[in-house]
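Chain naming here is simple, since letters A, B, ... match the order of the sequence lines and numbering starts at 1 in each.
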Number of protein chains: 2
Amino acid sequence: MDLRQLRYFIGVAERGGFGAAASALNIAQSALSRHIKELERELGGALFTRTARGVAVTESGKVLLERGRWLLGLVDDIKAEVRTENREPSGTVRLGAPSSVAEIFYPPLARLIAARFPRVQLELGEALTELACDRLLRGQLDLAIVTGPQPNDHLCYETLVEEQVFLIGPPDDPKLKRGRMTVNDLKHLSRAVLPLSRTPFPPEVPSFVRVESSTPMKRIVASGLGYALLPYSGIYQEVDAGQLSAALLPWMSAERVLALPRGRPISRATQETRTLLKEICGDLIRDGIIRTSQRKRVIRQQRTSAH
Amino acid sequence: MDLRQLRYFIGVAERGGFGAAASALNIAQSALSRHIKELERELGGALFTRTARGVAVTESGKVLLERGRWLLGLVDDIKAEVRTENREPSGTVRLGAPSSVAEIFYPPLARLIAARFPRVQLELGEALTELACDRLLRGQLDLAIVTGPQPNDHLCYETLVEEQVFLIGPPDDPKLKRGRMTVNDLKHLSRAVLPLSRTPFPPEVPSFVRVESSTPMKRIVASGLGYALLPYSGIYQEVDAGQLSAALLPWMSAERVLALPRGRPISRATQETRTLLKEICGDLIRDGIIRTSQRKRVIRQQRTSAH
DNA sequence: GCCCTCCATCTCATTTCGAGATGGAGGCGC
DNA sequence: GCGCCTCCATCTCGAAATGAGATGGAGGGC
């Protein structure tokens with residue numbers, strides 16, 4: 001049994017004749033006749049009783065008519081449902097980012113997802129690069145924003161932006177007065193406050209504490225206990241408020257990279273989230289919250305899903 | 001969207017790959033690929049995400065998978081239902097017969113219908129020939145047993161049986177002693193009890209009452225108030241019980257005819273009822289309840305519904 | 001880096017489908 | 001009663017859909 005045959009059958013039943021149904025269905029009467037015949041053969045009995053004045057639906061035909069109408073309605077419903085599902089991505093997107101990035105990316109992301117893709121569920125976690133990559137590989141994350149790429153065959157990367165890096169110190173620190181620093185200036189700092197995962201300072205600078213998140217790092221620096229390196233987006237509020245002073249390190253940059261697993265299907269929702277993140281990144285650059293060290297702002301990538 | 005495409009889609013989704021599904025579905029992988037592509041085009045989005053290790057179902061694909069399985073189940077249910085309906089006639093059959101015929105035909109008919117076609121609803125009415133034909137024409141009856149055919153373009157007839165006709169009188173009536181009568185004998189009867197619809201007696205015989213049903217007719221005759229004509233099937237019980245005497249009128253016969261409307265579809269249930277009536281008629285002849293005036297017992301007719 | 005798997009695409013054969021013509025059955029009007 | 005008209009069934013041919021095999025590109029595994 002075929003949906004087409006069902007439609008034809010219903011057409012004939014509703015119009016009470018092959019000829020009338022044929023013109024209504026835009027099909028030749030002969031073709032209609034053959035389809036009904038085939039349907040009757042398959043169902044093992046007559047669906048119509050043929051008379052010289054048209055056809056009448058048999059008892060079994062009545063059953064098929066009622067059920068068939070319902071079935072065709074269902075088919076339309078299902079199609080509409082799938083189409084809606086296609087138009088509107090849905091499902092859960094699990095995103096990881098370091099807290100400093102999360103702070104500025106997550107609020108606008110949540111707002112945009114809610115507005116544009118209300119059926120997408122976001123799980124916004126905070127994780128530094130290593131942990132994020134690990135979770136990506138384990139399938140615990142769909143997408144991550146990481147800092148600095150460490151090559152991995154099972155991940156693919158897309159650079160979001162390269163941010164300018166600033167040295168931060170307590171307010172009105174004389175070393176940072178000039179607003180920018182050289183490599184040499186850096187070597188003569190008293191103490192460094194390092195992030196957990198890397199050591200961007202020259203080896204000459206002693207460090208006494210490592211912190212995971214940028215907020216305690218900034219607090220420590222603000223109280224004059226040491227210096228730290230952060231991109232502008234991580235410090236602009238404190239600098240504006242006079243709680244920190246900052247100097248650009250022109251030779252350094254922090255590369256914000258979008259990472260996603262390879263070899264695992266990427267959901268529409270994840271795709272859209274990726275697009276939104278790039279959009280948000282552009283907005284942040286435009287608003288001066290992210291200061292790029294590169295001219296280009298959003299890096300394009302080859303298409304990933306097409307057919 | 002097509003049921004075949006849906007089956008293919010579900011096959012691919014269940015096996016997690018085109019190749020595996022292709023061999024399971026006995027179709028070439030290329031054809032499968034094309035069908036899925038067409039389905040995706042129609043539904044406006046990808047149903048699978050293709051990877052190098054097979055395919056994964058997208059969010060919209062999951063929806064289609066769930067709904068599609070259900071839909072295919074429904075299709076099977078509907079087919080089974082229609083097939084059952086075809087195997088087992090159903091609906092209502094409205095049958096009309098004169099009370100004397102009803103008396104002997106209806107009980108076995110009801111029994112056989114209940115046993116063989118439990119889904120058929122019988123409406124067994126009592127009506128004499130004229131009324132029955134009128135109701136057939138009005139569509140108030142599907143089938144009728146009538147006595148003596150009056151030609152009508154909108155009815156078609158099928159002779160069930162030609163019954164011997166007996167003259168009945170009170171018990172031990174001397175006129176009926178011989179067991180059979182001649183036309184001349186008939187002319188010298190005192191009084192006749194006539195049926196409502198016709199006058200089978202010669203004009204010489206005076207009549208004083210007309211009755212619709214055979215039961216009062218027999219009662220009147222049994223009390224010696226007159227003579228009447230009835231087929232054997234209508235009197236055998238009273239004759240056996242000695243309440244009536246009867247003499248055969250060899251030159252007469254009562255033709256029991258099955259009448260159905262032309263130009264109106266005949267339901268399977270009606271068809272089966274017709275067949276059963278002929279079967280019952282044969283049984284009654286075999287059991288000696290109906291005595292035929294013809295050698296042939298069940299008259300065949302051309303097929304009425306075929307394709 | 002090579003091979004192997006898996007899907008997409010191309011091309012051609014087969015099947016299915018649709019259109020028009022023709023014919024038979026039966027109702028309707030003259 | 002007779003021809004006409006309507007309606008469905010069937011036949012045949014062209015068109016479209018479907019299926020099969022071959023080939024190629026992408027990507028993972030060794």
Practice item. Take the C1' atoms of the five end pairs on each side of the helix from C:dG1-D:dC30 to C:dC30-D:dG1, get both axes, and report the angle to 10 degrees. Key: 20°
Revision key, fill the gap. When every non-hydrogen atom of A:Met1 is compared with those of A:Leu6, the smallest separation belongs to SD-CD1, 4.4 Å
Check your understanding: For B:Lys37 and D:dA17, what is the distance between atoms NZ and P respectively, to the nearest whole Å?
Key -> 15 Å
Atom pairs, protein N/O to nucleotides 20-23 of chain D N/O, distance under 3.5 Å:
from: D:dA20; atom 1: OP2; to: B:Ala28; atom 2: N; distance (Å): 2.4
from: D:dA20; atom 1: N7; to: B:Ser30; atom 2: OG; distance (Å): 3.2
from: D:dG21; atom 1: O6; to: B:Ser30; atom 2: OG; distance (Å): 2.8

Practice item. Please report the closest heavy-atom contact between A:Glu272 and A:Pro89, naming both atoms and the distance. Key: CG-CG, 3.4 Å
Check your understanding: Taking atom types as modelled and ignoring hydrogens, do the side chains of B:Thr159 and B:Glu255 form a donor-acceptor contact shorter than 3.5 angstrom?
Key -> yes
Review point. Given D:dG28, C:dC7, C:dC28, which nucleotide is nearest the side-chain atoms of A:Arg53?
Key: C:dC28
Check your understanding: Can you name the side-chain hydrogen bond (donor to acceptor under 3.5 Å, both in side chains) partners of A:Asp134, sequence neighbours left out?
Key -> A:Arg138
Practice item. Look at B:His35 and D:dG19 and indicate whether a side-chain polar atom (N or O) is within less than 4.0 Å of OP1 or OP2. Key: yes
Review point. Have B:Arg268 and A:Thr58 got a donor and an acceptor in their side chains that come within less than 3.5 Å?
Key: no
Practice item. Return no unless some side-chain N or O of B:Ser33 is found under 4.0 Å from OP1 or OP2 of C:dC7. Key: no
Exercise for review: Report the distance from atom CG of B:Leu32 to atom C1' of C:dA8, rounded to the nearest whole Å.
Suggested key: 12 Å
Practice item. Determine the minimum heavy-atom distance between B:Pro98 and B:Arg256, stating which atoms define it. Key: CG-NH1, 4.3 Å
Check your understanding: Does OP1 or OP2 of C:dC6 have a side-chain N or O of B:Arg50 closer than 4.0 Å?
Key -> no
Would you tabulate the side-chain donor-acceptor contacts of residues 22-34 of chain B under 3.5 Å, counting partners in other chains and residues two or more places apart, or write 'none'?
from: B:Ser23; atom 1: OG; to: B:Gly19; atom 2: O; distance (Å): 3.4
from: B:Ser23; atom 1: OG; to: B:Ala20; atom 2: O; distance (Å): 3.0

Check your understanding: For residues B:Ser267 and B:Thr270, is any side-chain donor paired with an opposing acceptor at under 3.5 Å?
Key -> yes
Check your understanding: Of the non-hydrogen atoms in A:Leu3 and A:Leu71, which two are nearest, and what is the gap between them?
Key -> CD2-CD2, 4.1 Å
Check your understanding: Excluding sequence neighbours, so at least two apart, what forms side-chain hydrogen bond (donor to acceptor under 3.5 Å, both in side chains) with B:Arg7?
Key -> none
Revision key, fill the gap. Nearest heavy-atom approach of A:Ile36 to A:Phe9 is CD1-CA, 3.5 Å
Check your understanding: Between atom CD1 in A:Ile36 and atom P in D:dC7, what is the gap in whole Å?
Key -> 17 Å
Revision key, fill the gap. Residues of residues 4-24 of chain B with a heavy atom under 4.0 Å from any atom of DNA chain D, listed by number, are B:Arg4, B:Tyr8
